[in-house]
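As the structure is a prediction and not an experimental result, all values here were calculated from the model.
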Amino acid sequence: MSAFQAAVDRLQARRGQPLRSWGPVTLDAVTLARFHEALGWPNPAAAGSVPPAVLLQLGNIEIDVTRDARPHEDLDPGLTNALNGGTALHWYRALLPGEAISGRSAIKDAFLREGKSGTSAVVLQETVFLDGAGEPVARAEKTTIFRGAVA
Amino acid sequence: MIDLATAKVLASGEVLRRIALKPVTMTQLAFYCAATRVTDPIHYDRDFARATGFPDVVVNGSLRIAWLTQALADLVAAPDHVAALSCAHRGPLLVGQAMAIEVRATAGATEGEAGWQLPCEVLGNCEGKLIDHAEGALTFVARAA
């Protein structure tokens with residue numbers, strides 16, 4: 001069995017199991033100011049609002065860690081050379097200042113892909129964002145493509 | 001800002017907004033990595049980025065998505081909101097480079113299960129090249145008469 005297949009099998013066995021849970025985090029003035037600062041958006045009128053992409057701050061969706069930096073946060077020790085395969089975000093309603101958001105993420109799917117440059121493993125992670133009543137307010141799906149695998 | 005009456009009559013390809021961002025600085029990337037707890041050195045360590053084959057530090061993909069999302073969000077006021085954004089990156093954006101964003105309607109707003117939605121296309125360009133292509137949507141919430 002190839003190292004790619006072994007890694008995909010391990011990830012598929014973890015489908016649906018929580019990767020991480022967090023929160024609740026309150027969309028307070030400091031949290032929003034920090035995100036606006038990080039965003040560097042030139043429209044000052046947006047400063048009083050809740051930027052929908054603040055979910056990216058709350059949920060740490062961008063799991064683009066390298067083995068050198070945080071190996072304990074690797075999705076799978078056998079997969080290397082990650083590439084950002086895209087992100088899809090969905091909001092069910094506008095986020096409100098002061099509300100508390102929590103979230104949980106899980107592996108949605110993992111599969112092999114054969115392309116011109118060889119084999120790669122594609123991993124889909126889904127994060128669901130919940131409000132204080134436990135109702136979903138948004139979800140995010142992140143695709144990571146791993147171009148390397150080690151046994 | 002767009003209201004529902006306007007959204008219903010928009011034509012495919014109609015440009016809703018153009019915005020040119022300033023060149024990205026290392027400080028901004030440091031703030032963003034801190035806010036989002038990203039630790040990948042490719043986003044703040046020049047030597048590391050160059051060792052991986054990039055000419056300079058790479059701007060986070062999620063920061064680019066945040067910009068595209070905000071370009072959409074600026075078009076409406078709560079409770080109207082951004083309903084979706086799905087983005088594929090087509091090229092890197094490096095520190096010192098600037099992104100220009102264009103939002104276009106892809107059709108007029110139509111009513112569905114989720115209410116009235118306006119489908120949009122959000123494009124991110126850098127130095128004349130398309131580096132981000134996103135499909136998005138805005139939801140318009142029915143108000144009481």
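A/Leu124 and A/Leu112 end up in different hydrophobic clusters when Ile, Leu, Val, Met, Phe, Trp and Tyr side chains are linked at under 4.5 Å. Under a hydrophobic-cluster definition in which Ile, Leu, Val, Met, Phe, Trp and Tyr are linked whenever side-chain heavy atoms come within less than 4.5 Å, directly or via other members, B/Leu16 and B/Leu123 are assigned to different clusters. Put simply, A/Leu130 and A/Val25 are part of two different groups of oily side chains (I, L, V, M, F, W, Y) that touch within less than 4.5 Å, one to the next. A/Phe146 and A/Leu19 fall within a single hydrophobic cluster, where Ile, Leu, Val, Met, Phe, Trp and Tyr are joined by side-chain heavy atoms under 4.5 Å apart, directly or via other members. Note: the hydrophobic cluster containing B/Leu10 also contains B/Leu4 (ILVMFWY, side chain heavy atoms under 4.5 Å, direct or indirect links).
Heavy-atom pairs under 4.5 Å with chain B peak, among A/Ala38, A/Ala138, A/Ala88, A/Pro52, at A/Ala38. Interface check for chain B: of the options A/Arg34, A/Arg139, A/Glu37, the most heavy-atom pairs under 4.5 Å are formed by A/Glu37.
Only the side chain of B/Ile19 has a heavy atom closer than 4.5 Å to any heavy atom of chain A. Contacts between B/Ala30 and chain A at a heavy-atom distance below 4.5 Å are absent for every atom of the residue.
Smallest separation of non-hydrogen atoms from B/Gln70 and A/Pro51: OE1-CB, 3.2 Å. A pairwise comparison of heavy atoms in B/Ala66 and A/Leu39 identifies CB-CD1, 3.4 Å as the closest pair.
Rounding to the nearest 0.5 Å gives a distance of 7.0 Å between CG of A/Leu56 and OG1 of B/Thr69. To the nearest 0.5 Å, atom CD1 of residue B/Ile65 and atom CG of residue A/Asn84 are 6.5 Å apart. Separation of atoms NE2 (B/His81) and CH2 (A/Trp91) is listed at 10.5 Å; rounding is to 0.5 Å. Between the OG1 atom of B/Thr36 and the CZ atom of A/Phe35 there is a distance of 8.0 Å, given to the nearest 0.5 Å.
Annotation for B/Arg50: atom CZ counts as buried by contact number, over 12 foreign heavy atoms lying within 6.0 Å. Residue A/Arg147 qualifies as enclosed at atom CZ: its count of foreign heavy atoms under 6.0 Å is above 12. Within 6.0 Å of CD in A/Glu126 there are more than 12 heavy atoms belonging to other residues, nucleotides or ligands.
For residues 84-102 of chain B, a heavy-atom distance under 4.5 Å to chain A picks out B/Ala84, B/Leu85, B/Ser86, B/Cys87, B/His89, B/Ile101, given by residue number.
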